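Okay, structure first, notes after.
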Amino acid sequence: VDSAIRRIDSKEYDCCMQCGGTIRTERLEQLPYAVICAGCSSNYPMEYIHSLRTQHSSIRRTIFSVLNIIGNVIDHCERRDARPDSLASTFALLSDLGRQLPERFRHEEQGGYLGEALSVAPRFSRRATELMQQHSDFSRRIGTIVKAAESAGSDGADWRRVQNEFRQLALDLLAHEQAEADILESAFLDDVGGAD
């Protein structure tokens, strides 16, 4: 709404931010926050949404693999037959995730998928900002979990704490990823995809 008001005040409300042409009145009545015309909206492929879904799917697979492996480590620790190689591989998988998440967050903060969505649907700016502010907390939490896993050794109780912390991080991260997908899908399917 704020963006639309600014564009009305500057006499650019019906001006397409993509091509500079006019956004039809019918489109603005249907989508008062539209910033591009129907013609330009057809230039935004569904590849953004598909690509984000693929990335989220990859993160989910990694999360479930980590949870499964931590469960196996706990079982081995409790049976007193934990192998150093399984402990090391679990720590390596957590460490990889600990490196991947901050890199992914940096990409998002430098434009990424949300940047693309906001360029056509600025009405999601506040929600996108809230999501990006969560990035440092996620990075801190995964770093803490990696350190806890590194010092856990073959202590089952320590690994249970790692499992609990990681499970909560996973739930929060999955909710975060879904909120990102919701913004992207609403921006490209509702705002941009609306026809005259």
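Hydrogens, waters and symmetry mates play no part in the numbers below; they use all other heavy atoms, side chains included. All figures in this text were calculated on a predicted structure; none of them were measured in a lab.
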Just by distance, with hydrogens left out, do Q168 and N164 show a side-chain donor and acceptor under 3.5 Å apart? no
Beyond-backbone contact of R60 with Q55, side-chain heavy atoms, under 4.5 angstrom: no
Atom pair CG/CZ of L97 and R99 - distance to nearest 0.5 Å: 10.0 Å
Relative to each other, are the rings of H135 and F105 parallel, tilted or perpendicular (30° and 60° limits)? parallel
Under the side chain to side chain donor-acceptor pair (under 3.5 Å) test, residues paired with E177 that sit two or more places apart: H56, R104
Decide yes or no on side-chain contact (heavy atoms from CB on, under 4.5 Å) for I145 and V162, but give the supporting numbers first. CA-CA 6 Å; I145 291 168; V162 168; 4.0 Å; yes
For S57 and R61, does a side-chain donor sit closer than 3.5 Å to a side-chain acceptor? yes
Main-chain N/O of S58 paired to T62 side chain as donor or acceptor, under 3.5 Å: yes
Salt bridge (Lys or Arg N to Asp or Glu O under 4.0 Å) partners of D81, counting only residues at least two apart: R79
Does L171 share a hydrophobic cluster with F138, counting links as ILVMFWY side-chain heavy atoms below 4.5 Å and allowing steps through other members? no
When you check the gap from the basic side-chain N to the acidic O, do R127 and D182 get nearer than 4.0 Å? no
Check: E180 and H176 side chains under 4.5 Å, non-hydrogen atoms: yes
Below 4.5 Å, heavy atoms only, C-beta onward: do N72 and W159 meet side chain to side chain? no
Look up atom CD in E78 and atom CZ in R80, then write down how far apart they are to the nearest 0.5 Å. 9.0 Å
Heavy-atom side-chain contact between D137 and R140 under 4.5 Å: yes
Heavy atoms only: give me the nearest G98-I142 pair and the separation to one decimal. CA-CG1, 3.6 Å
Once rounded to the nearest 0.5 Å, what's the spacing between atom CG of L173 and atom CD1 of I59? 6.0 Å
Atom of C19, atom of C16 and distance for their closest heavy-atom approach: N-SG, 3.4 Å
Grab the two heavy atoms, one from F91 and one from V146, that are nearest each other, plus how far apart they are. CE1-O, 3.4 Å
S154 vs L87 side-chain heavy atoms within contact, under 4.5 Å: yes
What distance do L28 atom CG and E26 atom CD have between them, rounded to the nearest 0.5 Å? 9.0 Å
To the nearest 0.5 Å, atom SG of C77 lies from atom CZ of R160 at 10.0 Å
Applying the side chain to side chain contact (heavy atoms under 4.5 Å, CB included) criterion to I69, which one of T90, I74, L94 satisfies it? T90
Closest contact, heavy atoms only, I183 versus A128: CD1-N, 4.0 Å
Do you know the tightest heavy-atom contact between L131 and A179? CD2-CB, 3.7 Å
To the nearest 0.5 angstrom, please state how far the CG atom of D158 sits from the CD atom of Q163. 13.0 Å
In short, P102 meets S139 closest at the heavy-atom pair CG-OG, 3.6 Å
Hey, does I63 have a side-chain heavy atom less than 4.5 Å from the side chain of F166? yes
With heavy-atom distances below 4.5 Å as the criterion, would you say the side chains of D172 and R141 are in contact? yes
Does the side chain of H107 come under 3.5 Å of the side chain of E103 through a donor N or O and an acceptor N or O? no
